[in-house]
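What follows is one structure encoded as structure tokens, with my remarks underneath.
All figures in this text were calculated on a predicted structure; none of them were measured in a lab. Throughout, a chain's letter reflects where its sequence line sits, starting with A, and its residues are numbered from 1.
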Number of protein chains: 2
Amino acid sequence: MNEKVDTKARILDAAEKLFGERGFESTSLRDITAEAQVNLAAVNYHFQSKDSLIDAVVARRIEPINRLRLGMLDAAGPNPTLEQILRAFLLPVLELKRDAVMPLLGRTLSDPHQFVEKVYKKHLLAISERIHRELAKALPGLPVAELRWRLYFAAGVMTYILSWSKVLPDISGGLCDPSDRQALIDRVIDFLAAGFRAPVNEPAFERVLLEKEG
Amino acid sequence: MNEKVDTKARILDAAEKLFGERGFESTSLRDITAEAQVNLAAVNYHFQSKDSLIDAVVARRIEPINRLRLGMLDAAGPNPTLEQILRAFLLPVLELKRDAVMPLLGRTLSDPHQFVEKVYKKHLLAISERIHRELAKALPGLPVAELRWRLYFAAGVMTYILSWSKVLPDISGGLCDPSDRQALIDRVIDFLAAGFRAPVNEPAFERVLLEKEG
DNA sequence: GTCTATAGGTTGATAGAC
DNA sequence: GTCTATCAACCTATAGAC
């Protein structure tokens, strides 16, 4: 509890911005305190270490997204359609208001280093299982391995949009503008829904069955 | 020209491995020379700087992939099918033999920092334009902005597979095994081809037309 | 809670002997 | 071409005054 414009929040905001722009390793605590206009030692006072700061920055954004996702799934009733599930998965991420959040999440979901333990198992495993279960109900004919693969493909599309949202208009010659969030969400859902509904190819399907039998 | 097992190549191999495992920033030149069992100063002798080393490591893998892609497109004749185009795009990347290359390319294609200039415009712009042109021929009814978006979605799926290939069996409980390359390639192509062929949603389509008119 | 000062370690790069 | 030795710059983290 402090009179000044909360130092702790200023650090989180600055760290979020710079982590997203330059990556976690390339951003020093000095970069962050300079951006936030606070003293260097304030980081280690409010957070214990750079690693804990990264945890706090990531958790602050991922947890509300997951609550929104669960809320949308619950609101869709016991048997949501494929489109409803995909919307619950994507909309809370692709509708984010603050410009700094999408690059941050892009970095977070792209870095395989220790994020399997620190991000996936901590923040994404539960929601991933829930979405997998809903998808299995909505697509009863799809083999479970195929479903799992396609969910990863969908996560890949989402992550790529997050990572490149800032530069996409530039490298597409203005053709792709992610700022119209609703249009983008509709586009992605149409694309992914068609992919999820694609017929399962015979050779690949047979190979899965053979693998199961040994 | 040297008698010993080429120091320069040893550095490239070690750098490729460690860059892929830990990322470019997290890997020091000392890490690389220790892994390669060469002297620290050898890096600055054979390559001028860490940045140039990164360039060399990336270029060594991307350029042959692009040549393979162009060869497959040329071999498919003047009007390749959607599946042929996707196969030319994906197979040279997903069929890579050396384990270290996929994580390296995953890092390379995920890091937005300065890679728009150093990787995209240098190594990916030309092949991206060629694939875009072939896709436009194969899908004549699709608006150009929609096509561009869907090509980015496809790149996102490919990049995600590269980034997570090492941990995918672990976090999927063994359901997803990227080691069967041919099955994976078939899976991805089926998924993406269906996405590319998805009907264009009216609202999104109209919005694009309205934007063009101002 | 906020600051200065600094410890203690790592980094990329190079000079110069062999 | 390969090595040792070293520099100057940077890093995270902390101790201690206010």
* Can you name the ring pair (Phe, Tyr, Trp, His ring centres under 6.0 Å) partners of A/F153, sequence neighbours left out? -> A/W149, B/F191
* Asked: Who pairs with B/F19 by ring pair (Phe, Tyr, Trp, His ring centres under 6.0 Å), at least two apart in sequence or on another chain?
  -> B/F24
* Would you please confirm or rule out a distance under 4.0 Å between OP1 or OP2 of D/dG1 and any side-chain N or O of B/T7? => no
* To do: Check whether any side-chain nitrogen or oxygen of B/S28 sits under 4.0 Å from OP1 or OP2 of C/dT10, and answer yes or no.
  => no
* Asked: Is A/K8 positioned over the aromatic face of A/F47, cation under 6.0 angstrom from the ring centre and no more than 45 degrees off axis?
  -> yes
* To do: Apply side-chain hydrogen bond (donor to acceptor under 3.5 Å, both in side chains) to B/D51 and list each qualifying residue two or more places apart in sequence or on a separate chain.
  => B/K118
* In degrees rounded to 10°, what angle is found between the helical axes fit to the five outermost pairs at each end of the helix from C/dG1-D/dC18 to C/dC18-D/dG1? -> 0°
* Asked: side-chain contact (heavy atoms from CB on, under 4.5 Å) with A/E83: which residues, sequence neighbours excluded?
  -> A/T81, A/I189, A/A193, A/R197
* Write out all pairs satisfying side-chain hydrogen bond (donor to acceptor under 3.5 Å, both in side chains) with one or both partners inside residues 151-169 of chain B, taking only residues at least two apart or from two chains. => B/S110-B/S163
* Not counting sequence neighbours, list each pair that qualifies as a side-chain hydrogen bond (donor to acceptor under 3.5 Å, both in side chains) and has a residue in residues 38-49 of chain A. => A/S49-A/S52
In whole angstrom, what separates [X]'s [atom1] from [N]'s [atom2]?
{"X": "A/H46", "N": "D/dT14", "atom1": "NE2", "atom2": "C1'", "result": "16 Å"}
{"X": "B/I11", "N": "D/dC3", "atom1": "CD1", "atom2": "C1'", "result": "13 Å"}
{"X": "A/R10", "N": "C/dT2", "atom1": "CZ", "atom2": "P", "result": "10 Å"}
{"X": "A/N39", "N": "C/dT6", "atom1": "CG", "atom2": "C1'", "result": "13 Å"}

Would you list the atom pairs, donor with acceptor, under 3.5 Å between side chains in residues 66-75 of chain B and any protein atom, with sequence neighbours excluded?
from, atom 1, to, atom 2, distance (Å)
B/N66, OD1, B/R69, NH1, 3.0
B/N66, ND2, B/H123, O, 2.7
B/R69, NE, B/F89, O, 3.0
B/R69, NH2, B/F89, O, 3.1
B/D74, OD1, B/R130, NH1, 3.3
B/D74, OD1, B/R130, NH2, 2.9

Distances under 3.5 Å only, N/O to N/O: pair up the protein atoms with those of nucleotides 13-18 of chain C.
from, atom 1, to, atom 2, distance (Å)
C/dA13, OP2, B/K50, N, 2.9

